[in-house]
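Everything below concerns the one structure shown next.
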Number of protein chains: 2
Amino acid sequence: MKPDKVSPLYKKVTDDLRAQIEKGIYQKGELLPSENDLCKTYNTTRVTVRQALSGLTNLGYITRRHGKGSIVTEPKVGLGILSLSGVTAGVGSQNLSTSILQKQVKQDWPLDFFFPLNEGELKHDCIYFTRLRRINDIPVLYEETYISNINLPGFISKGLENLSLFKILRESYNIEVKEGEQKIWAILGDKTISDLLDIKKSHPILHMKRKLKTNIQDLNIYSSLYCNTEEHFLQDYF
Amino acid sequence: MKPDKVSPLYKKVTDDLRAQIEKGIYQKGELLPSENDLCKTYNTTRVTVRQALSGLTNLGYITRRHGKGSIVTEPKVGLGILSLSGVTAGVGSQNLSTSILQKQVKQDWPLDFFFPLNEGELKHDCIYFTRLRRINDIPVLYEETYISNINLPGFISKGLENLSLFKILRESYNIEVKEGEQKIWAILGDKTISDLLDIKKSHPILHMKRKLKTNIQDLNIYSSLYCNTEEHFLQDYF
DNA sequence: GGTTTCATCTTGTATATACAAGTTGTTTTT
DNA sequence: AAAAACAACTTGTATATACAAGATGAAACC
């Protein structure tokens, strides 16, 4: 274990409430305990509780209503990170499967990397893996991911099948995605991509390159994504 | 004029600082006055000043560094709203022009509208307009926009050439975009779109449908966008 | 019965204060 | 000259308190 500095109280409140929302203890549409109730529970004052609730608001877990309370809402899908949806209805998670094509490996950054890297990043190597997501067993999204290999012991051997990359980073390494940028094109896929996604070569493909910054200096998550949007689309709440 | 309830002090601080950043009084990379300086300027306390600075952080105008100060940064491009960039370098604003194809008109909501509308929205009609954005005189982005016609006197006759839709809404009507969702596809354009964007029919086009919610109940901004991503891409900071 | 008033809950805004902790440049020490 | 200590700045976290204002249901009134 490491320094393990005491984390601030407001963060504990945020984490507790977030965990409870994710466990379903507080359901969508319900109200959280009032600020004064939370003050009593955590033996603190409203300024601190409001700091915690403000964080949950930014993350999209709640919306706040003057005179009413904190209403549990759908969390924003990871800060503007596009998620996958069916064209008609939403895709039930039982229909969505993820398989690892290239398991996590440590390697040098590619020389022709698609985002400029700073000195701090180049001092470390990176962890690389690729995934293919299927909806009803039909391949829809191919994803290549690169993460700066900074203080990520054991990450190589974690299972990434369950879309839980961000959860793993948060819960195992205390890493939070803070902000990022993404670039989007419509392209015609080359043979490799078209084969992976099992489509005709003439079909348009949505291509995206993403950089996600975290609360750790120089630890960024880069992805290159290819999506078949014939039957589905990418969706984004922010 | 209307009720005009006194706006809170923290909001005045936010607005003042934002205006000064946009005017260039504080340049990118510089530090804002310290919290204690702002306390003296506005004759208030740190809790209030921090509330203002927290708002600016959320809007992306500044990032804060413990022990250092509030560093002016590029503002997030309107809450995850995609902006247009050149593939190689950024597009200088002198190369970007916007023309109105269909000037703002009041009309009923289309019957087959691409987002579900709630009762409150259906009680009003909508304002509709279309724009075409060109980079170096080459058409790149075609945009159809619908806005709920709620308390927008004079909006019909405003000029929308300068990409300043959000600025007009904020400064003339006190409307802030809060959150939204967008759906993205790669498609092959039909004849209408391909002609507008002046491309071959077989070329892939990026298609996006967007809903932006504001701080005004039932006042939402809907857009349908078509982008030629052969020479440019859509970019998104969040 | 229907309306108004009121009490009581909620969150929003604000003041005043304190100490912890990161950053930076200066001073002192070695 | 290099290193350590210090001072003076910064933001981060936290307590205690107060009143304003929105939401809601009960009580009083007509």
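Reminder, nothing fancy here: chain letters follow the sequence lines and each chain counts from 1.
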Let me know the distance between [atom1] of [X] and [atom2] of [N], rounded to the nearest Å.
X       : N      : atom1 : atom2 : value
A:Gln51 : D:dT11 : CD    : C1'   : 12 Å
B:Ile62 : D:dT10 : CD1   : P     : 15 Å
B:Leu38 : C:dA14 : CG    : C1'   : 16 Å
B:Lys12 : C:dA14 : NZ    : P     : 12 Å
B:Leu9  : C:dG12 : CG    : P     : 17 Å
A:Leu53 : D:dA14 : CG    : P     : 14 Å

message: At a heavy-atom distance below 4.0 Å, what parts of residues 40-49 of chain B sit against DNA chain D?
response: B:Arg46

- line: Expected list for residues 15-22 of chain B near DNA chain D, using heavy atoms below 4.0 Å, is none

message: Using a 4.0 Å heavy-atom cut-off, does B:Leu31 contact any base of the nucleic acid, only the sugar-phosphate backbone, or nothing at all?
response: nothing

Please enumerate all residues that pass side-chain hydrogen bond (donor to acceptor under 3.5 Å, both in side chains) together with [X], with sequence neighbours excluded.
X        : value
B:Ser70  : B:Arg64
B:Asp112 : none
A:Asn215 : none

task: Please state whether the rings of A:Tyr146 and A:Tyr128 are parallel, tilted or perpendicular, taking 30° and 60° as the class boundaries.
output: tilted

Collect all protein-nucleotide pairs involving nucleotides 8-10 of chain C in which both atoms are nitrogen or oxygen and the distance is under 3.5 Å.
from: C:dT10; atom 1: OP1; to: A:Ser34; atom 2: OG; distance (Å): 3.0

statement: With sequence neighbours left out, the residues meeting ring-ring contact (aromatic ring centres under 6.0 Å, His included) with A:His207 are A:Trp185, A:Tyr226

field: B:Phe115: partners by ring-ring contact (aromatic ring centres under 6.0 Å, His included), with sequence neighbours left out
entry: B:Tyr222

field: B:Arg46: side chain to side chain contact (heavy atoms under 4.5 Å, CB included) partners, not counting sequence neighbours
entry: B:Glu35, B:Asn36, B:Cys39, B:Arg50

message: According to side chain to side chain contact (heavy atoms under 4.5 Å, CB included), who are the partners of A:Ile156, at least two apart in sequence or on a separate chain?
response: A:Gln104, A:Lys106, A:Ile127

- request: Could you name each residue pair satisfying salt bridge (Lys or Arg N to Asp or Glu O under 4.0 Å) that touches residues 210-224 of chain A, not counting sequence neighbours?
  value: A:Glu179-A:Lys213

Residue list, salt bridge (charged side-chain N to carboxylate O under 4.0 Å, His left out) with B:Lys103, at least two apart or on another chain: none

query: For D:dT11, does OP1 or OP2 lie under 4.0 Å from any side-chain N or O of B:Arg50?
result: no

query: So, B:Tyr42 and B:Asp16: side-chain donor and acceptor under 3.5 Å apart, yes or no?
result: yes

